[in-house]
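What follows is one structure encoded as structure tokens, with my remarks underneath.
If you read the sequence from its start, that first residue is 1, and numbering goes on from there.
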Amino acid sequence: MGDYLRYFFFAVYPYIALTIFLLGSLARYDRDQYRWKSDSSQLLKHGTLRWGSNLFHLGIIALFFTHLVGLLTPPAVYHALGLSTAAKQEMAIVVGAILGLVCFAGLVLLIWRRFSEPRLRATSRASDWLTLVWILIVLTLGLISILTSRQHHDGGVMVALGDWAQHIVTFRGGAAAIIAGVPMIYQVHMVLGMTLFVIFPFTRLVHVWSGFASVAYLGRAWQLVRSR
């Protein structure tokens, strides 16, 4: 990847993606609330929905938070806990492989279910297929990258990826230069992963916000119902 492309994708594009993600979600909520939903297809066909949906959601939610914690935790923190860089990488590989396979199994079930059922296929929008296929590609690249990680036992690549993420969230310069020595499969995986934030506001993925918002129900006051 050339220097200019690397600078764009790893120093500029993350902020573009996050801006579209946040402002696009707000605009979608303000202007298109009637389609702010996941468009459940359970009534059309139950079938493998429960297994596919549960495995997919369990896997992808866990992957998101493990990526978040793994990338944004400075080495000094896990070193203070007695965990070496190499040991942290091994843990990340094992956990990532398990969660990735769980998510992959659920996603394949969902894609096959939507493809094999004529009624589901007829009611599926282009954005539905884009979301499913895009996540499948990102997930597949992530699983393949595990094989590359096995060739770097010192955890140097993992440290570089974390350093890049920490530069981005703290608005420090030099983020793109950190990625220069990272294998290409990681770079492609990262760019496609960031693009998920770009398509997020324009697809059914916006229902994720509602999932987080539902936590507020736990602290909501009891509803008092009186008889007439």
**OP:** With sequence neighbours excluded, give me every salt bridge (charged side-chain N to carboxylate O under 4.0 Å, His left out) pair touching residues 155-171.
**Re:** none
Original post:
Quick one: are Thr123 and Arg119 in side-chain contact, heavy atoms under 4.5 Å?
Top reply: no
Original post:
For residues 166-181, which residue pairs qualify under salt bridge (charged side-chain N to carboxylate O under 4.0 Å, His left out), counting only residues two or more places apart or in two chains?
Top reply: none
Subject >> Non-neighbouring partners of His152 that pass side-chain hydrogen bond (donor to acceptor under 3.5 Å, both in side chains), sequence neighbours left out >> reply: none
Original post:
Mind checking what makes ring pair (Phe, Tyr, Trp, His ring centres under 6.0 Å) contact with Phe8, not counting sequence neighbours?
Top reply: Tyr13
Subject >> Contacts of type salt bridge (Lys or Arg N to Asp or Glu O under 4.0 Å), residue Arg150, not counting sequence neighbours >> reply: Glu90
Original post:
Looking at residues at least two apart in the chain, or sitting in another chain, which of them share a ring pair (Phe, Tyr, Trp, His ring centres under 6.0 Å) with Phe171?
Top reply: Tyr15
Subject >> Counterpart residues, side-chain hydrogen bond (donor to acceptor under 3.5 Å, both in side chains), relative to Thr85 (two or more places apart) >> reply: His79
Original post:
Which pairs, with at least one residue in residues 130-142 and sequence neighbours excluded, count as a side-chain hydrogen bond (donor to acceptor under 3.5 Å, both in side chains)?
Top reply: none
Original post:
Which side-chain hydrogen bond (donor to acceptor under 3.5 Å, both in side chains) pairs, counting each pair once, include a residue from residues 174-185, with sequence neighbours left out?
Top reply: none
Subject >> Flag if over 12 foreign heavy atoms under 6.0 Å of CH2, Trp112 >> reply: no
Subject >> Partners passing side-chain hydrogen bond (donor to acceptor under 3.5 Å, both in side chains) against Ser84 (at least two apart in sequence or in another chain) >> reply: none
Original post:
Who pairs with Phe21 by ring pair (Phe, Tyr, Trp, His ring centres under 6.0 Å), at least two apart in sequence or on another chain?
Top reply: Phe197, Phe200, Trp209
Extract all donor-acceptor atom pairs below 3.5 Å that involve side chains of residues 64-74 and protein atoms in other chains or at least two apart in sequence.
unit_1, atom_1, unit_2, atom_2, d
Thr66, OG1, Ala62, O, 2.8
Thr66, OG1, Leu63, O, 3.0
His67, ND1, Leu63, O, 2.8
Thr73, OG1, Val69, O, 2.5

